[in-house]
*Asks:* 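One structure coming up, written as structure tokens, with questions to follow.
Computation of the quantities below employed the complete heavy-atom set of this structure, encompassing side-chain atoms and omitting hydrogens, waters and symmetry-equivalent molecules. This one's a predicted model, so the numbers in the text were calculated from it and none came from an experiment. Reminder, nothing fancy here: chain letters follow the sequence lines and each chain counts from 1.
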Protein chains: 2
Amino acid sequence: MMPFKEMARLDKLIHEPARLSIMSALEACSMAEFLFLQELTGLTKGNMSSHLSKLEKANYVLIGKSFLRKKIPQTTIQITPTGSHALVEYWKQIDHIREITKQWSQETSIAFPG
Amino acid sequence: MMPFKEMARLDKLIHEPARLSIMSALEACSMAEFLFLQELTGLTKGNMSSHLSKLEKANYVLIGKSFLRKKIPQTTIQITPTGSHALVEYWKQIDHIREITKQWSQETSIAFPG
DNA sequence: TGTATTTAGTTTATAATGCAAACTAGTTAA
DNA sequence: TTAACTAGTTTGCATTATAAACTAAATACA
């Protein structure tokens, strides 16, 4: 019907490239440390921190602070079921957009050939 | 190698949902009028205008101003070969990201089963 | 004729966001 | 005991998305 309005429905929390990389990494890892995640994604510490807190607010990730030998702070991050579900839905929506635009493209070329 | 850095390479001009919808519509239409495109995407006029001028600066679209019966202004928009190519490359990169994260996810589950 | 309204867009102002530099709190080294 | 490092958070800046306000021309109508 209105295929090009489907883009507006993309979950912006996941769509943002830095966060998509965080979420994808977490989906693969089940649990990761802050520094490991930072290395993996190539983000700066400040960036990681602010993106993570956005994801935490949405309940997409769970952040736990523990201490190594009760001294060195270590932040561990896990994806939540909510976050995992949101990621799946995000890719579904991407697929949907692709299908629907392909279809519309075909319809137009039938209506206005050449 | 560093799969989660691939997200940073997504073309941000196309990645933004409003512009993805504009570009997808144009790819299907070959040529469209401003108001038609606005209706299609559901964007406000101001939004349309500013997104279009960004796409124009990147040479992703060509904007032509003509007059209906030499009176009513009519803006027509076409995707350029550059824009069309960028859109194809965008989807390629999306595919690439998907493949690579899927793969990494498998590797991790092999390395740390259960 | 002149004033009001509509149309087709552009410009401007604002609010949100992404980003890295600067900061904090604790640890180890000299 | 002071300097330097570590692990992260906060702050400030620059960019961006968005809609409201504006512009310019056309039509409506009184």
*Asks:* Classify B:S50 by what it touches in the nucleic acid, base, sugar-phosphate, or nothing, heavy-atom distance under 4.0 Å.
*Replies:* base

*Asks:* Write down the distance between CE (A:M48) and P (C:dG18), rounded to a whole number of angstrom.
*Replies:* 14 Å

*Asks:* Please test A:E33 against A:T75 for side-chain hydrogen bond (donor to acceptor under 3.5 Å, both in side chains), starting from the C-alpha separation and ending with a verdict.
*Replies:* CA-CA 6 Å; A:E33 291 161 27; A:T75 302; over 6 Å; no

*Asks:* Could you please name the option among C:dG9, C:dC19, C:dG18 that lies closest to any side-chain atom of A:A18?
*Replies:* C:dC19

*Asks:* Does A:K65 put a side-chain nitrogen or oxygen below 4.0 Å from OP1 or OP2 of D:dT9?
*Replies:* yes

*Asks:* B:K12: what forms a salt bridge (Lys or Arg N to Asp or Glu O under 4.0 Å) with it, not counting sequence neighbours?
*Replies:* none

*Asks:* Report all interatomic pairs (protein N or O, nucleotide N or O of nucleotides 22-24 of chain D) with separations under 3.5 Å.
*Replies:*
none

*Asks:* So if I take the C1' atoms of five pairs at each end of the helix from C:dT1-D:dA30 to C:dA30-D:dT1 and get each local axis, what angle do the two axes make, rounded to 10 degrees?
*Replies:* 30°

*Asks:* With a 4.0 Å cutoff (strictly under), does any side-chain N or O of A:K12 reach OP1 or OP2 of C:dT17?
*Replies:* no

*Asks:* Are any of B:H51's side-chain N or O atoms less than 4.0 Å away from OP1 or OP2 of D:dT18?
*Replies:* yes

*Asks:* Which nucleotide sits closest to the side chain of A:S49: D:dT10, D:dT18, D:dT16?
*Replies:* D:dT10

*Asks:* Nearest whole Å is fine: how far is D:dC13 P from A:N47 CG?
*Replies:* 17 Å

*Asks:* Looking only at heavy atoms, which two atoms of B:L13 and B:K54 are closest? And how far apart?
*Replies:* CD2-O, 4.3 Å

*Asks:* Send over the distance from A:I77 CD1 to D:dT9 C1', rounded to a whole Å.
*Replies:* 13 Å

*Asks:* Kindly give the heavy-atom pair with the smallest separation between B:L20 and B:I14, and that separation in Å.
*Replies:* CB-O, 3.3 Å

*Asks:* Any side-chain N or O of A:R19 under 4.0 Å from OP1/OP2 of C:dG18?
*Replies:* yes

*Asks:* Write down the distance between CD (A:E56) and C1' (D:dT9), rounded to a whole number of angstrom.
*Replies:* 13 Å

*Asks:* Which pair of heavy atoms, one from A:G42 and one from B:K5, lies closest together, and at what distance?
*Replies:* CA-CE, 3.5 Å

*Asks:* Roughly how many Å is it from CD in B:Q38 to P in C:dA8, rounded to a whole number?
*Replies:* 10 Å

*Asks:* Is there a side-chain contact between B:W91 and A:I94 (heavy atoms, below 4.5 Å)?
*Replies:* yes

*Asks:* Return the minimal non-hydrogen interatomic distance between A:T80 and A:N59, and the atom names on each side.
*Replies:* OG1-O, 2.6 Å

*Asks:* So does A:T44 get a side-chain nitrogen or oxygen closer than 4.0 Å to the phosphate oxygens (OP1/OP2) of C:dC19?
*Replies:* no

*Asks:* What is the distance, to the nearest angstrom, from the CG atom on A:L52 to the C1' atom on C:dA20?
*Replies:* 16 Å

*Asks:* Give the nucleotide from the list D:dG8, D:dT18, C:dT10 with an atom nearest to the side chain of A:L35.
*Replies:* D:dG8

*Asks:* Over all heavy atoms of both residues, which pair between A:A58 and A:T82 is shortest? Give the atoms and the distance, please.
*Replies:* O-CG2, 4.4 Å

*Asks:* Could you pull out the closest heavy-atom pair between A:W104 and B:A25, with the gap in Å?
*Replies:* CZ3-O, 4.4 Å

*Asks:* Base, sugar-phosphate alone, or nothing: which one does B:L43 contact when heavy atoms must sit under 4.0 Å apart?
*Replies:* nothing

*Asks:* May I have the distance from A:H15 (atom NE2) to D:dT16 (atom C1'), rounded to whole angstrom?
*Replies:* 14 Å

*Asks:* How is A:T75 classified with respect to the nucleic acid when contacts are heavy atoms under 4.0 Å: base, sugar-phosphate, or nothing?
*Replies:* sugar-phosphate

*Asks:* Just how far, in rounded Å, is P of C:dT10 from CG of B:L55?
*Replies:* 13 Å

*Asks:* Can you tell me if B:Y60 and B:D11 form a side-chain donor-acceptor pair at under 3.5 Å?
*Replies:* yes

